[in-house]
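Here is the naming used below: chain letters follow the sequence lines, and residue numbers restart at 1 for every chain. Heavy atoms only: backbone and side chains are in, while hydrogens, waters and symmetry mates are out.
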Number of protein chains: 2
Amino acid sequence: MVNQRIKNMEEFASVSGLSRPTVSKYFNDPSSVRASTRLKIEQALEEFEYQPNIYAMNQNRKLTKNVGIVVPHLADPFFAEIARTIEARCIEAGYRPTMFSSYGDPAQEIEILSLLRSMKPAGVLLAPLGRLSDRSEIEKFCRDVPTVLFDSYLEGIGDAFVGSDNYSFVNQTVEYLTRTGEPPLFFEMKTPANPNANKRRQAYLDVMERLGHEPHVVKIDGEGWAFEEIGKRGAMAFLTKGDWPTNAILCSNDRLAIGFLAAAYELGIRVGRTPDCTLRLASNDDHPFSRFTCPSLTTAAHDYDSVSSASVDCLLQLIESGGKFSTRQEQLFEARLVLRNSS
Amino acid sequence: MVNQRIKNMEEFASVSGLSRPTVSKYFNDPSSVRASTRLKIEQALEEFEYQPNIYAMNQNRKLTKNVGIVVPHLADPFFAEIARTIEARCIEAGYRPTMFSSYGDPAQEIEILSLLRSMKPAGVLLAPLGRLSDRSEIEKFCRDVPTVLFDSYLEGIGDAFVGSDNYSFVNQTVEYLTRTGEPPLFFEMKTPANPNANKRRQAYLDVMERLGHEPHVVKIDGEGWAFEEIGKRGAMAFLTKGDWPTNAILCSNDRLAIGFLAAAYELGIRVGRTPDCTLRLASNDDHPFSRFTCPSLTTAAHDYDSVSSASVDCLLQLIESGGKFSTRQEQLFEARLVLRNSS
DNA sequence: ATTAAAAATTTACGCGCGGTAACATTTAAA
DNA sequence: TTTAAATGTTACCGCGCGTAAATTTTTAAT
């Protein structure tokens with residue numbers, strides 16, 4: 001008769017000598033019941049195997065403990081890494097995160113938002129696709145669900161934005177390259193989906209003007225999320241054409257740089273800061289792979305931890321404020337220049 | 001009065017001129033209602049915004065349409081890629097997948113299984129951590145929830161296993177390396193978490209014996225999932241020590257190989273198949289980055305699509321069979337040798 | 001010891017849906 | 001036209017829990 005199967009909270013309350021609502025309160029917040037009551041429940045919990053039915057729990061709750069995390073592409077280690085950190089932070093805070101990735105597809109992004117809506121989440125952390133996103137749909141979503149946007153800035157959408165200060169990124173890399181050699185050209189995709197790319201280009205133009213150098217922007221073809229492949233092809237074209245205006249390259253992001261380095265290697269063009277090298281290369285993001293490229297990549301690093309923590313903190317604040325801020329909040333984090341061997 | 005807020009299925013049934021049970025049938029299987037009825041509902045669906053409460057839906061259903069996908073480390077692009085494919089297949093089949101990653105932590109793996117249990121999923125696709133997994137907990141889980149294991153083989157656990165034929169992987173790379181030059185040594189971690197690693201080592205030893213060559217296994221230190229870093233350090237030690245028994249290296253997996261190549265580059269040791277190279281390198285997995293390493297990596301490729309499809313198909317069969325197979329099913333897929341520049 | 005306030009617990013009700021049986025209606029076949 | 005099969009409706013119950021209001025217990029103050 002010991003360890004009988006507990007079917008529901010009623011039964012569990014009975015074996016722990018309490019009423020069901022008290023047990024219910026415990027599961028929603030253990031500190032909301034008296035210590036002696038808590039003890040009874042926890043003893044029963046050791047003896048009997050029981051966990052509340054999550055569906056029954058959430059069906060009538062005005063606010064679930066669910067949190068949605070949406071990123072544009074989980075197979076991109078940059079997003080995988082940031083999603084992982086955010087996920088951990090949410091769990092620490094007592095929430096139940098669920099991860100979603102639109103894998104670069106705007107239609108899937110909308111589907112995720114629809115699914116999310118039906119999950120009645122306490123809040124959502126959303127890194128949108130960017131240019132490809134259906135702005136009006138996202139706007140509608142943000143009106144109904146407390147949402148903190150991160151990484152990709154969408155003008156005026158969402159209750160808050162947490163991201164990186166693209167100017168700080170580009171400023172540091174351009175200054176470094178210029179200080180230690182020739183000023184760089186800017187290597188990017190022609191029509192980048194991510195809005196950070198546009199800000200980085202603009203920052204490059206600004207910084208170059210401030211430093212009194214002529215800017216050169218190289219725009220390469222390619223659509224989608226295969227950035228390495230796009231970068232490699234673009235670099236192949238660029239490198240075989242010759243007549244480079246400078247020997248220093250600043251890539252818009254690390255994944256393009258990875259492709260660039262692959263192309264340079266295949267063409268036998270040495271990249272690095274030693275005298276035998278013909279090109280120097282720097283980039284932005286501090287992609288997890290950037291320390292294993294050949295040569296290792298000098299890059300402006302995101303403050304992963306700060307962005308993640310700030311995003312989650314901001315969302316928690318938003319939730320506690322009842323889902324609305326009086327004014328839209330924006331938080332930007334500076335880059336940390338990581339010097340490696342590519343420049 | 002138009003587009004009034006629909007609160008529940010009763011209301012929605014009323015505005016579509018039907019009874020609630022009929023509408024319920026539609027949402028559980030649109031083809032179970034007459035075409036004319038379907039039309040009525042779909043017209044109402046366009047006019048009014050409504051989707052069933054997923055929590056209320058699942059609370060009494062014996063079997064939800066949920067499917068859990070668990071991988072050991074989502075920040076590893078290999079798993080991100082396979083999870084993505086599996087996710088898509090599940091959605092195609094009309095299921096609602098949820099992704100989980102234990103990020104290399106056995107405790108988190110168990111927590112995921114516990115959470116999954118409470119989600120009453122129709123089935124679970126589980127790639128366990130391997131050596132670090134709590135076998136008995138996983139075994140208990142598999143007794144209660146229809147589970148297909150993939151990628152990592154755990155002896156006798158789960159209703160089915162779908163993975164890659166490690167022998168086929170190693171056999172092809174060893175044969176290729178031997179045919180085109182010296183037979184390789186095997187480069188691996190001392191205590192790999194993933195059981196595939198052990199099978200690959202054994203396969204290496206078998207193939208070398210069959211071909212009549214003396215095997216050499218190089219075991220490097222390191223724990224955790226930072227394989228590139230571990231590979232780089234191990235390669236640094238190996239390469240600086242000199243007196244290599246052969247000029248051909250077979251890495252247990254691509255991530256180690258990526259680290260190896262980074263080390264070789266830093267030491268100025270050229271890797272490749274051209275005469276000016278001192279080492280040749282091959283590996284296993286066809287990691288998404290392996291085509292962008294310097295040099296690009298010759299590797300035995302997983303049949304991502306087949307493994308993903310077979311895993312999902314197998315799970316669907318399992319679900320339709322009521323959650324149990326008469327005998328444990330195992331399915332292995334062969335590798336496809338991808339020749340690139342590293343050997 | 002008495003009393004009021006605060007905290008904890010219980011009572012009572014409802015949520016939104018799944019499932020079923022008996023009955024009514026439509027559709028397709030004979 | 002008749003008839004049987006397919007589909008839809010009505011009416012009911014149950015699920016496992018949240019939650020507001022009412023009640024009891026505990027704590028703190030007098």
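Checked against C:dG16, C:dG19, D:dT19, the side chain of A:Pro21 finds its nearest nucleotide in D:dT19. Comparing D:dT9, D:dT19, D:dG16 by their closest approach to the side chain of A:Asn8 singles out D:dG16. In this structure, the nucleotide among C:dC17, D:dC15, D:dC17 sitting nearest to the side chain of A:Ala56 is D:dC17. Listed nucleotides D:dC17, C:dG18, C:dC15 differ in distance to A:Met57; the shortest reach to its side chain belongs to D:dC17. For B:Asn28, taking side-chain heavy atoms from C-beta onward, the closest of the listed nucleotides C:dG19, D:dC17, C:dG16 is C:dG19.
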Between A:Phe78 and A:His302, does a ring pair (Phe, Tyr, Trp, His ring centres under 6.0 Å) hold up when you go through it step by step?
CA-CA 10 Å; A:Phe78 168 74; A:His302 286 272; 4.8 Å; yes
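In this structure, A:Thr22 OG1 and A:Lys40 NZ are separated by 9.0 Å, a value rounded to the nearest 0.5 Å. Separation of atoms CD (B:Gln331) and OG (B:Ser311) is listed at 8.0 Å; rounding is to 0.5 Å. Residue B:Tyr95 holds its OH atom at 10.5 Å from CG of B:Asn66, rounded to the nearest 0.5 Å. Rounding to the nearest 0.5 Å gives a distance of 4.0 Å between CE of A:Met99 and CG of A:Leu74. Here B:Leu39 contributes atom CG and B:Gln43 contributes atom CD; the two are 4.0 Å apart, rounded to the nearest 0.5 Å.
You'll find a donor-acceptor pair under 3.5 Å spanning the side chain of B:Gln59 and the base of D:dC15, going by distance alone. With hydrogens and angles ignored, no donor-acceptor pair under 3.5 angstrom links the side chain of B:Arg20 to the base of C:dG16.
C:dG18 atom P lies 14 Å from atom OH of A:Tyr55, rounded to whole Å. Distance B:Phe12 CZ to C:dC17 P: 11 Å, rounded to the nearest Å. The CD-C1' distance, from A:Gln51 to D:dC17, rounds to 15 Å in whole Å. In this structure, the CZ atom of A:Arg61 is 16 Å from the C1' atom of C:dG16, given to the nearest Å. Atom pair B:Met9:CE and D:dG8:P shows a separation of 15 Å (rounding to whole Å applied). In this structure, A:Glu10 atom CD and C:dT11 atom P are separated by 10 Å, rounded to whole Å. Taking atom CD1 of B:Ile54 as the reference point, atom P of D:dC15 lies 22 Å away to the nearest angstrom.
Across all strands, B:Tyr26 comes closer than 4.0 Å to no nucleic acid atom at all (heavy-atom distances). Using a 4.0 Å heavy-atom distance criterion, B:Lys25 is classed as making no nucleic acid contact. A:Pro52 comes within 4.0 angstrom of sugar-phosphate atoms only, judged by non-hydrogen atoms across all strands, and of no base. Within the nucleic acid shown, B:Ser24 comes within 4.0 Å of sugar-phosphate atoms alone, with no base atom in reach, counting heavy atoms only. Among the protein residues, B:Asn58 comes within range of no part of the nucleic acid, since none of its heavy atoms lies under 4.0 Å from any strand.
Ring geometry, B:Phe12 versus B:Phe27: the interplanar angle falls from 30° to 60°, so the pair is classed tilted.
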Sugar-phosphate means primed atoms, P, OP1 and OP2; the rest is base. With that split, encode nucleotides 23-30 of chain C 5' to 3' as B, S or - using protein heavy atoms under 4.0 Å.
----S---
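Taking only side-chain nitrogens and oxygens, A:Thr22 comes nearer than 4.0 Å to OP1 or OP2 of C:dT10.
Residues satisfying the salt bridge (charged side-chain N to carboxylate O under 4.0 Å, His left out) test with A:Asp305, not counting sequence neighbours, are A:Arg89.
Each of B:Thr37 and A:Asn53 has a nearest nucleotide on DNA chain D; the 5'-most of these lies closest to B:Thr37.
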